[in-house]
Amino acid sequence: MNIKKIIFYIATSVLTLIMCYSVFNYITNYEVIAGYFEILKYPTYLVYPLATAKVLGLIAIWGNFSKPLKEWAYAGFFFDVTLAFTAHIVAKDGAETFALVAFIALMISYFLGKIVRP
């Protein structure tokens, strides 16, 4: 296996772990997450749909079912991670590092995925 493929799988795994951690928190700590959403003036009814979208996005990326579906999944994660980074900076909760790492992993996964995956 060449180095680009290894880096792709590491980056995609890091992105997956961060998104799974996020989904886990959304489901198990709903009150806390809803509180953050309220502070940032986001509607709290988005918590569960956002968790579901993250799981479906991961399935689309790992499943490699179709290129358009995978592109939409990466686009959704791009917006999610960018908005999460901004939200964590505004909330001053110190969690912007996770969003930054997720953003870097997302970019590496996306661009290397175009090279190493058909």
Side-chain angles (χ1 to χ4, degrees):
M1 194 182 299
N2 65 23
I3 191 72
K4 288 180 182 178
K5 214 174 236 192
I6 292 170
I7 294 171
F8 164 75
Y9 282 116
I10 290 171
T12 307
S13 296
V14 168
L15 177 66
T16 300
L17 290 173
I18 290 172
M19 290 300 144
C20 287
Y21 176 75
S22 172
V23 168
F24 177 77
N25 275 330
Y26 280 25
I27 293 170
T28 60
N29 297 326
Y30 176 81
E31 310 307 332
V32 174
I33 300 299
Y36 281 127
F37 273 55
E38 288 173 351
I39 290 170
L40 297 167
K41 307 290 190 244
Y42 291 149
T44 57
Y45 62 80
L46 289 179
V47 174
Y48 290 131
L50 190 55
T52 304
K54 288 180 181 187
V55 171
L56 293 174
L58 290 173
I59 291 169
I61 289 172
W62 282 104
N64 203 20
F65 302 114
S66 73
K67 286 187 181 188
L69 183 62
K70 190 169 48 176
E71 292 287 329
W72 277 102
Y74 275 116
F77 283 131
F78 174 80
F79 291 120
D80 178 65
V81 170
T82 303
L83 293 171
F85 180 74
T86 306
H88 287 299
I89 287 176
V90 170
K92 296 178 182 155
D93 62 0
E96 62 270 1
T97 306
F98 267 136
L100 185 60
V101 170
F103 183 78
I104 293 168
L106 176 70
M107 292 294 109
I108 292 170
S109 175
Y110 178 73
F111 289 112
L112 281 182
K114 290 186 159 295
I115 295 170
V116 301
R117 289 172 99 179

Query raised in the report: Under a 4.5 Å cut-off applied to non-hydrogen side-chain atoms, are Y42 and V47 in contact?
Result: no
Query - I59 side chain reached by F65 side chain, heavy atoms, under 4.5 Å - result: yes
Report summary line: Between S66 and L69 the two heavy atoms that sit nearest each other are OG-CB, 3.1 Å
Report task. Report the distance from atom CD1 of I61 to atom NZ of K70, rounding to the nearest 0.5 Å. Result -> 9.0 Å
Query raised in the report: In Å and rounded to the nearest 0.5 Å, what is the CD to CD distance from E38 to E31?
Result: 9.5 Å
Report task. Determine yes or no for a side-chain-to-main-chain donor-acceptor pair under 3.5 angstrom, with N2 supplying the side chain and K5 the backbone. Result -> yes
Query raised in the report: Do I7 and I115 share a hydrophobic cluster (ILVMFWY, side-chain heavy atoms under 4.5 Å, transitive)?
Result: yes
Query raised in the report: Does the separation of the ring centres of Y48 and Y30 fall below 6.0 angstrom?
Result: yes
Query raised in the report: When rounded to the nearest 0.5 angstrom, what is the spacing between CG in L15 and CH2 in W62?
Result: 9.0 Å
Requested in this report: Please round to the nearest 0.5 Å and tell me the distance separating atom CG of L83 and atom CZ of F78.
Outcome: 9.0 Å
Return a table of donor-acceptor pairs under 3.5 angstrom between the side chains of residues 97-112 and protein atoms on other chains or two or more places apart.
{"from": "S109", "atom 1": "OG", "to": "T12", "atom 2": "OG1", "distance (Å)": "2.7"}
{"from": "S109", "atom 1": "OG", "to": "Y74", "atom 2": "OH", "distance (Å)": "2.7"}
{"from": "Y110", "atom 1": "OH", "to": "E71", "atom 2": "OE1", "distance (Å)": "2.9"}

Report task. Run the numbers on F37 and L50 for side chain to side chain contact (heavy atoms under 4.5 Å, CB included), then give the verdict. Result -> CA-CA 12 Å; F37 273 55; L50 190 55; 4.1 Å; yes
**Report entry** Row check, Y26 ring normal vs K54 NZ/CZ: under 6.0 Å, within 45°
**Finding:** yes
**Report entry** L46-I33 co-clustered via ILVMFWY side chain contacts under 4.5 Å
**Finding:** yes
Requested in this report: Please check if the side chain of T28 supplies one atom and the backbone of F24 the other of a donor-acceptor pair under 3.5 Å.
Outcome: yes
Query raised in the report: Are F79 and I89 connected in a single hydrophobic cluster, I mean Ile/Leu/Val/Met/Phe/Trp/Tyr linked by side-chain heavy atoms less than 4.5 Å apart?
Result: yes
Report task. Identify whether V90 and F85 are in the same connected component of the hydrophobic contact network (ILVMFWY, side-chain heavy atoms under 4.5 Å). Result -> no
**Report entry** Distance (rounded to the nearest 0.5 Å) between L58 CG and M19 CE
**Finding:** 7.5 Å
Query raised in the report: Looking at side-chain heavy atoms only, is the closest gap between S22 and D80 below 4.5 Å?
Result: no
